[in-house]
Colleague: 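The structure under discussion is supplied below as C-alpha cells; questions concerning it will follow.
Numbers here simply count residues along the sequence, with the first being 1. Atoms within each ligand, like the ligands themselves, are counted from 1 in listed order. Hydrogens, waters and symmetry mates play no part in the numbers below; they use all other heavy atoms, side chains included.
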Amino acid sequence: MRIVMLGLAGAGKGTQSQILKDELSLSLLSSGDLFRHHQNEGTELGMLAKNYMKNGQLVPDEITINMILDGVNDVGSGGFVLDGFPRTLSQAEALDKALTHDPIDCVVYIRVNEGELLIRLTDRLICRSCGAPYSKRILGPIKDCGKCGGQLYKREDDKPEVVKKRFKAQLPGLHQLVSYYSGQSKLVEVNGDQSVAEVSREALQASSEMMVGNPSK
Ligand code: AMP
C-alpha cells in the first residue's frame with residue numbers, strides 16, 4: 001500500500017505517518033526528516049537545502065524530487081507512507097511518473113485551520129533522537145523525551161515569523177494537490193482538530209477502504 005499524507009506544517013502528518021507505518025507495516029519517507037538528516041551529516045544536499053528551510057521556503061523541486069525518488073527506489077516494491085512529499089504539483093507529477101506500475105493508493109489530507117497550526121508549531125519541542133513532537137502547552141515544562149529520553153529542542157523554523165512564511169510557501173501547492181488527487185479519486189479528508197487517536201482511526205479506515213476498492217494491493 002502506498003500512502004501520501006497532505007496537510008500544512010503542524011497538521012500532524014509526522015505523528016500520523018508514524019502510526020500508519022506501524023499499523024500497516026510500511027516504510028516511512030519524510031522529506032523534512034531526510035533534509036534534516038542530510039544537514040546533520042553535513043552533506044552537499046543538506047547544505048543546499050539549509051537556507052531554504054531556515055527561511056521557511058520550499059526547497060527547489062529538482063533537489064527534493066531526486067532525494068525522494070531515491071528513497072522510493074530503495075523501498076522497491078514494498079509499501080510506504082510519504083510525509084511532506086509532494087508539496088507541489090510538479091512533485092506529484094514526477095512521483096506519478098516514477099510509480100506508473102505501482103501507483104499511490106490513498107492520499108490522506110489532514111485539515112487544520114492556520115490559527116491552531118500557528119499555536120501548535122510555535123509551542124512545540126522535538127526530540128533530537130527520535131523526532132517525537134511535544135507540546136509545552138499540554139505537558140508543561142518538559143526537558144527530555146518520554147519515549148527515548150532524548151534531548152528536546154525547538155526547531156529553528158518553528159519561530160512564529162518563519163511559520164507564517166512556511167504557510168505562505170505551502171498553501172498554493174496544497175490547494176493544487178487537493179484538486180489533483182481529488183481528480184484521481186484518491187483523496188480522503190480528515191479533520192485534524194480531533195485527538196491523535198481519532199485522526200488515526202479515520203486515516204486507517206480511509207486507507208483500508210481504498211484497499212477494499214483495490215484488492216490486488
Ligand atoms: P517539514 O519537516 O515537513 O515541516 O519540512 C521542513 C522544511 O523542509 C520545509 O519548510 C521545506 O523547507 C523543506 N521541505 C520539506 N518537504 C519539502 C517538499 N516536499 N518540497 C520542498 N521543500 C520541502
Colleague: Looking at K54 and E156, is any side-chain nitrogen of the basic one under 4.0 Å from a carboxylate oxygen of the acidic one?
Modeller: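 Looking at E156 and K54, the cut-off is not met.
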Colleague: Can you give me a line-by-line list of nitrogen or oxygen pairs between ligand 1 and the protein shorter than 3.5 Å?
Modeller:
residue  : atom   : partner : partner atom : Å
ligand 1 : 2 (O)  : R36     : NH1          : 3.0
ligand 1 : 2 (O)  : R36     : NH2          : 2.8
ligand 1 : 2 (O)  : R155    : NH1          : 3.3
ligand 1 : 2 (O)  : R155    : NH2          : 3.4
ligand 1 : 3 (O)  : R87     : NH1          : 3.1
ligand 1 : 3 (O)  : R87     : NH2          : 3.0
ligand 1 : 4 (O)  : R155    : NH2          : 3.1
ligand 1 : 4 (O)  : R166    : NH2          : 3.1
ligand 1 : 12 (O) : Q57     : O            : 2.6
ligand 1 : 16 (N) : S31     : OG           : 2.7
ligand 1 : 16 (N) : G84     : O            : 3.4
ligand 1 : 16 (N) : R87     : NH1          : 2.9
ligand 1 : 19 (N) : G84     : O            : 2.8
ligand 1 : 19 (N) : Q91     : OE1          : 3.0
ligand 1 : 20 (N) : Q91     : NE2          : 3.0
ligand 1 : 22 (N) : V59     : N            : 3.0

Colleague: Using the side-chain contact (heavy atoms from CB on, under 4.5 Å) criterion, which residues pair with D22? Sequence neighbours excluded.
Modeller: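 By the side-chain contact (heavy atoms from CB on, under 4.5 Å) rule, D22 matches Q18.
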Colleague: Got a sec, which residues hit salt bridge (charged side-chain N to carboxylate O under 4.0 Å, His left out) with D158, two or more places apart in sequence or on another chain?
Modeller: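 Listed in chain order: R124, R166.
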Colleague: So which heavy atom on L118 is nearest to which on P160, and how close?
Modeller: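 Closest approach of L118 to P160: CD1-O, 4.2 Å.
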Colleague: Between E116 and R120, does any side-chain N to carboxylate O distance fall below 4.0 Å?
Modeller: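 Answer for the salt bridge query: yes.
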Colleague: Which pairs with one or both residues in residues 55-67 pass side-chain hydrogen bond (donor to acceptor under 3.5 Å, both in side chains), sequence neighbours excluded?
Modeller: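 For residues 55-67: D61-T88, D61-Q91.
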